[in-house]
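Each ligand, and each atom within it, is numbered from 1 in the order the structure gives.
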Amino acid sequence: MKTKMSPIKYILLAALCFIKPPGGSPADVPIHRSDFLLNTFVDIAIYDSRDESILDGAMALCREYENRFSRTLSGSEVYRLNHREDATGTYPLSDDMTDLLATALYYCERSGGAFDITTEPLSSLWNFSGTSPSVPPAEAIEEARKKVDYKKLRLDGTRSTLTFLDPGTSIDLGAIAKGYIADQLKAYLLDSGVESAMINLGGNVLCVGSRPDGTPFTVGLQKPFADRNETFAQVEVSDLSVVASGVYERHFVEDGKNYHHILDPKTGYPVQNGLISVTIVCDQGYLADGLSTACFVLGMDAAKPLLEKYDAEAVFVDEDKNVYVTSGLMDKFELMKDG
Ligand code: ADP
Ligand code: MG
């Protein structure tokens with residue numbers, strides 16, 4: 001594992017005024033495919049091939065992974081584990097699941113349980129992707145909160161098994177699965193001879209290589225609480241993943257208060273630490289995705305060791321619209337100018 005030569009330093013940029021980005025370059029017109037998958041808007045664009053069958057294969061792969069990692073699709077691997085017959089039993093896992101759980105559990109430990117993949121009872125209760133979510137009763141939140149504890153899971157990486165030590169424990173990989181799926185899509189595209197592509201799983205972006213002319217891709221960072229095509233900043237990246245977690249993704253407002261889908265396992269309520277978004281830039285999708293949620297929950301200071309450990313860069317935006325960027329990202333990062 002690489003470590004940084006110097007400790008991570010955050011650089012505070014001027015208070016923020018969000019504006020629309022300038023238009024993109026018309027030079028590269030990719031073939032692309034979009035669909036509503038993984039409970040979000042998925043778009044895959046290929047720049048150096050006109051072979052549509054590669055896109056068919058990529059979408060099929062996405063569906064296959066949705067069938068494995070979805071919390072809500074009955075029959076998925078996660079669903080079957082959560083609806084297990086033997087409440088405290090040991091269950092065999094697919095290799096993908098073993099892989100993903102190993103990293104996820106590491107985040108759980110390193111974050112002291114701020115990041116916790118057993119938030120399922122809480123996420124199901126809050127149901128942010130439902131048609132009209134509302135604040136659940138306090139007793140129900142308390143009841144669900146007590147079930148959240150990743151220490152009730154025992155992963156055996158050698159045997160590829162998961163043991164549940166508590167009947168109430170169930171898992172939710174929503175904070176990390178999309179990044180892992182993006183990595184698998186990248187491997188598939190490379191296998192298919194593609195060297196220039198952009199995978200976008202609902203704002204969870206992974207660039208394969210660079211643009212056909214060798215210049216980096218430009219990834220816009222979404223302006224909080226605005227339309228998906230409005231950005232407040234952009235980063236220039238090749239072969240990197242850019243993933244954001246924010247309080248404006250899946251959220252609702254009740255009695256003038258914003259409730260969002262990143263939950264504090266200690267309280268059972270959405271995390272409230274003054275942050276409105278965290279964006280991670282690093283070389284693997286599953287790391288970027290897991291870190292975006294973990295660093296959001298941890299807050300800027302506590303996130304530093306985790307960022308260093310994974311050689312990841314980050315952009316934090318707080319409620320006062322201050323933007324903090326790690327020093328290693330500054331040369332690739334551009335804040336949109338005040339219009
Ligand atoms: P997105 O789903 O928009 O990619 P994130 O990657 O930040 O956003 O993941 C948020 C999801 O992670 C939630 O919808 C929920 O499924 C799960 N989750 C919520 N709170 C936590 C937490 N404290 N630790 C781990 N997973 C969480
Ligand atoms: Mg995440």
Side-chain angles (χ1 to χ4, degrees), residues 37-42 66 69-73 76 78-79 82 100-101 103-130 133 141 144-145 147-150 153 169-183 199-206 221-222 224 228 241-252 259-273 275-282 284-299 302-303 306 310 312 314 316:
L37 287 171
L38 312 169
N39 204 16
T40 191
F41 185 71
V42 166
E66 181 166 30
F69 296 133
S70 168
R71 164 175 70 84
T72 47
L73 273 186
S76 79
V78 167
Y79 188 94
N82 287 345
L100 187 51
L101 282 177
T103 305
L105 286 169
Y106 181 79
Y107 287 150
C108 295
E109 275 165 31
R110 283 295 287 251
S111 67
F115 180 93
D116 194 317
I117 51 162
T118 63
T119 48
E120 191 280 332
L122 281 172
S123 3
S124 291
L125 180 67
W126 281 88
N127 192 19
F128 287 95
S129 36
I141 292 176
R145 189 194 64 80
K147 296 181 181 163
V148 179
D149 184 1
Y150 71 92
L153 296 176
T169 308
S170 46
I171 55 181
D172 170 7
L173 298 175
I176 191 169
K178 285 205 290 288
Y180 184 87
I181 296 169
D183 290 329
I199 298 161
N200 186 351
L201 310 180
N204 191 316
V205 172
L206 183 62
L221 308 192
Q222 197 195 328
R228 277 209 177 267
S241 181
V242 183
V243 176
S245 283
V247 302
Y248 46 86
E249 268 302 303
R250 297 183 203 281
H251 72 115
F252 64 87
Y259 294 90
H260 63 89
H261 71 151
I262 303 169
L263 301 166
D264 185 343
K266 285 201 182 70
T267 62
Y269 285 80
V271 172
Q272 272 186 299
N273 60 6
L275 289 174
I276 55 174
S277 82
V278 177
T279 304
I280 302 291
V281 179
C282 74
Q284 300 205 51
Y286 78 106
L287 292 177
D289 194 8
L291 283 174
S292 74
T293 315
C295 293
F296 188 102
V297 182
L298 287 170
L306 213 49
Y310 288 112
F316 291 80

Can you tell me the protein heavy atom closest to atom 7 (O) of ligand 1 and the distance? Ser245 OG, 2.5 Å
Minimum heavy-atom separation for Lys178 and Asn204, please, with both atom names. CB-ND2, 3.4 Å
Ignoring hydrogens, just give me the one of Asn39, Val297, Thr40, Thr119 whose non-hydrogen atom is nearest atom 27 (C) of ligand 1. Thr119
Closest non-hydrogen atoms of Thr118 and Asp149, given as atom of the first, atom of the second and distance, are OG1-N, 2.8 Å
Could you tell me the residue and atom name of the protein heavy atom closest to atom 23 (N) of ligand 1, and the distance to it rounded to 0.1 Å? Leu263 O, 2.7 Å
Nitrogen or oxygen of Asp289 less than 3.5 angstrom from that of ligand 1: yes
Which residue owns the protein heavy atom closest to atom 26 (N) of ligand 1, what's the atom, and how far is it? Ala175 CB, 3.4 Å
Within the 6.0 Å centroid threshold, strictly below: Tyr107 and Tyr286: no
Does any part of the side chain of Cys295, heavy atoms only, come nearer than 4.5 Å to the side chain of Ile280, both counted from C-beta? yes
Region of Pro265 that comes within reach of ligand 1 [heavy atoms, distance under 4.0 Å]: side chain
Using side chain to side chain contact (heavy atoms under 4.5 Å, CB included) as the criterion, point out the one residue from Asp264, Val148, Asp172 that pairs with Leu122. Val148
What's the spacing between Arg110 CZ and Tyr310 OH if we round to 0.5 Å? 7.5 Å
Numbered in order shown, the ligand 1 atoms found under 4.0 Å of a heavy atom of Phe115 are 24 (N), 25 (C)
Could you check if a side-chain atom of Ile171 sits within less than 4.5 angstrom of a side-chain atom of Glu120, using non-hydrogen atoms only? no
The Mg ion (ligand 2) and Ser245: any N/O/S contact shorter than 2.8 Å? no
Side chain proximity check, Leu101 to Leu173, heavy atoms < 4.5 angstrom: yes
Going by heavy atoms in the side chains, are Trp126 and Thr119 under 4.5 Å from each other? no
Take every heavy atom of Ala114, measure it against each atom of ligand 1, and state whether any distance is under 4.0 Å. yes
Backbone or side-chain N or O of Ala244 under 3.5 Å from ligand 1 N or O: no
Quick one: does Ser123 get an N or O within less than 3.5 Å of an N or O on ligand 1? no
Quick one: nearest non-hydrogen protein atom to atom 4 (O) of ligand 1, plus distance? Lys178 NZ, 3.0 Å
On a heavy-atom basis, I'd like to know which of Asp116, Leu38, Thr118 is closest to atom 24 (N) of ligand 1. Asp116
Looking only at protein heavy atoms, identify the closest one to atom 14 (O) of ligand 1 and say how far it is in Å. His261 ND1, 2.9 Å
Can you tell me how the ring of Tyr259 sits relative to the ring of Phe252, calling it parallel under 30°, perpendicular over 60° and tilted otherwise? parallel
Heteroatom test (N, O or S) for Ala175 near the Mg ion (ligand 2), limit 2.8 Å: yes
I need the OG1(Thr293)-the Mg ion (ligand 2)-OD1(Asp289) angle, rounded to 10 degrees. 170°
Candidate pair Ser124 and Arg71, rule side-chain hydrogen bond (donor to acceptor under 3.5 Å, both in side chains), full reasoning: CA-CA 9 Å; Ser124 291; Arg71 164 175 70 84; 2.9 Å; yes
What is the nearest protein non-hydrogen atom to atom 5 (P) of ligand 1, stated with its residue, atom name and distance? Thr293 OG1, 3.3 Å
Nearest neighbour in protein (non-hydrogen) for atom 17 (C) of ligand 1: Asp172 OD2, 3.6 Å
